[in-house]
J.: 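First the structure, which I've put down as structure tokens, then a few questions once you've had a look.
Owing to the predicted nature of the structure, the values given are computational and were not obtained by experimental measurement. Reminder, nothing fancy here: chain letters follow the sequence lines and each chain counts from 1.
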Number of protein chains: 2
Amino acid sequence: MKSRRMFWRIVDEIEALIDNGNFAVGSRLPPERELAEKFDVSRPTIREAIIALEVREKVEVKTGSGVYVLEGALKGAKQPVVNAFELTQARALVEGEVAALAAVSITDDELTRLHDTLVMMQERGDTEEADRLFHSIIAGATRNGAMILSVSQLWSLRESTAAIIDDYASVCSKDSHLTLEEHTAIYNALKARNPAEARVAMHNHFNRLINTLFDATEARALEEIRRKNNEKRGLYSITNLVKHTAQ
Amino acid sequence: MKSRRMFWRIVDEIEALIDNGNFAVGSRLPPERELAEKFDVSRPTIREAIIALEVREKVEVKTGSGVYVLEGALKGAKQPVVNAFELTQARALVEGEVAALAAVSITDDELTRLHDTLVMMQERGDTEEADRLFHSIIAGATRNGAMILSVSQLWSLRESTAAIIDDYASVCSKDSHLTLEEHTAIYNALKARNPAEARVAMHNHFNRLINTLFDATEARALEEIRRKNNEKRGLYSITNLVKHTAQ
DNA sequence: GCCAGATATTGGTAATACATCTTGGTTGAC
DNA sequence: GTCAACCAAGATGTATTACCAATATCTGGC
């Protein structure tokens, strides 16, 4: 990617310097003219980089004074630390209440669209998209903007962290028939306009997910131990030793 | 604030034009030079504005081709429509589960800090800050980053919309003794490590808030009707008519 | 249909003038 | 003598103009 513009390179470098501690939080950055010389670019380019940092709320520029590193500019501090278990637990609790709420206010049209997602999952096997739609429709059925927002935020959290993506990937793809069963149970509870039943069905859905997640993590941890043991075994094995010395 | 830099004004204007539909999503913006002339600023200033929009992911710049309005350009402008009732309902449900979760994992230290907020509210009358701390400590006690995030997001939603701020202001300041009572009930449930009781106590807290909110809104609506009637009354009253014609 | 050149558009730099803030010294009152 | 207010100079960001380079897109000839 040679097409990336100059100022973005500068943005990256300055951010790195901030994260590195070279530019302390609260301190003043070197003046534009100095940075221009340091990075070997023109002043307008430095200005553009600073504007980008300003839009990202990493720095604050005070006219006539200088540009200052803002609180919370540090990369690590910004994103919350959430693992897959926490996320799933949160979704279970929030979406449980969402389902209960939706059970009393869901429309026939929404029930139809909900049923469509079940068909989509079963016949076309488009599990991922059908799942997203399913939960989204239920959230919408609450008629509560704040709850819709919470659900969508938790959903986006799912894609924010690399570790969570990995964990989910190993779980979601398989066991899609279980997902379908549970979704069907939730749908039936909503169709019956039964809040308590909808809540329980939703809880069951996520409980199973947590357990699968736990098994997967356990299996992976076991695999990790085995791998490390193999490394050690290789390190200490006689055959290996012979091979190496034989060369 | 006249100190606001040029390019921010341009950013606002271009965003307005996009939201207005003057610049369709996916279409190309006029060339920099044209925009510079149109907004009566120099080309670098336009460039800065475009960079700000680019960092915000509203537009995409293609070298040698032009700058294009991105898909999600409209989404950023529209903020979620949430009224005070929805928000309070959402908080009741989410924080109810939060309280239940916290009841099983809260530490003695957190209980002490929680008790401090009760004292703060009672003695120093610092209701607002004590309230914020109270709910924040409980969220933290869940040890669940996703739940903490949801709670803090709902809290920030409270200050995002003018209408909600007004509604809350008319409710929160008075009835602080009721708030204190309810907070104490929640505290006791947490201290007893009783999830179900904690959930109910939290629900009670927000239920009362919703009712108060409802009364306040009703009262305000009544006041509004009265005011309008008075206007009409003034308009049609004989005495008023006499006064005017007498002049 | 394809390729090469023309044209349009953004990318980047340099030089310059100006506005604003900070700093430090000076002045004046007490 | 001390302290505050004021002022001036330097530092720093703000903004403009002018210019050329790099890239993408269009156009016309083949």
J.: In terms of the nearest nucleotide of DNA chain C, which residue is placed more toward the 5' end: B:Gly66 or A:Tyr68?
T.: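 Comparing both residues, the 5'-ward one is B:Gly66.
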J.: Output the rounded distance in Å from CD (A:Glu37) to P (D:dT12).
T.: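 A:Glu37 atom CD is separated from D:dT12 atom P by 13 Å.
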J.: Can you give each donor-acceptor pair under 3.5 Å made by side-chain atoms of residues 25-32 of chain B, sequence neighbours left out, with the distance rounded to 0.1 Å?
T.:
residue: B:Ser27; atom: OG; partner: B:Ala24; partner atom: N; Å: 3.4
residue: B:Ser27; atom: OG; partner: B:Ala24; partner atom: O; Å: 2.7
residue: B:Glu32; atom: OE1; partner: B:Arg43; partner atom: NH1; Å: 2.5

J.: Would you call B:Arg56 and B:Glu15 a salt bridge, taking side-chain N to carboxylate O under 4.0 Å as the test?
T.: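 A salt bridge links B:Arg56 with B:Glu15.
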J.: Taking atom P of C:dT9 as reference, at what distance in whole Å does atom CD1 of B:Ile50 sit?
T.: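 That distance rounds to 13 Å.
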J.: Which heavy atom of A:Phe39 sits nearest to which heavy atom of A:Ile46, and what is that distance?
T.: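 Residues A:Phe39 and A:Ile46, closest heavy atoms: CD1-CD1, 3.9 Å.
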J.: For the pair made of CD1 in B:Ile46 and P in C:dT9, what is the distance, rounded to whole Å?
T.: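 The distance from CD1 of B:Ile46 to P of C:dT9 comes to 15 Å, rounded to the nearest Å.
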J.: Assess whether a salt bridge exists between B:Glu128 and B:Arg132, defined as any Lys/Arg side-chain N lying under 4.0 Å from an Asp/Glu carboxylate O.
T.: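 Salt bridge flag = no for B:Arg132 with B:Glu128.
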J.: Could you check whether the rings of A:His183 and A:Phe134 sit parallel, tilted or perpendicular, using 30° and 60° as the cut-offs?
T.: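 Geometry flag for A:Phe134 against A:His183: parallel rings.
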J.: Sequence neighbours left out, what passes ring pair (Phe, Tyr, Trp, His ring centres under 6.0 Å) with B:Tyr187? Give chain and number order.
T.: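 Ring pair (Phe, Tyr, Trp, His ring centres under 6.0 Å) check on B:Tyr187 returns B:His115.
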J.: For each nucleotide in nucleotides 14-19 of chain D, reading 5' to 3', give B when a protein heavy atom comes within less than 4.0 Å of its base, S when such contact involves only the sugar-phosphate, and - otherwise.
T.: BSBB-B
J.: Considering just the side-chain nitrogens and oxygens of A:Arg28, establish if one lies under 4.0 Å of OP1 or OP2 belonging to D:dA11.
T.: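 Checking D:dA11 against A:Arg28, no side-chain N or O comes under 4.0 Å of OP1 or OP2.
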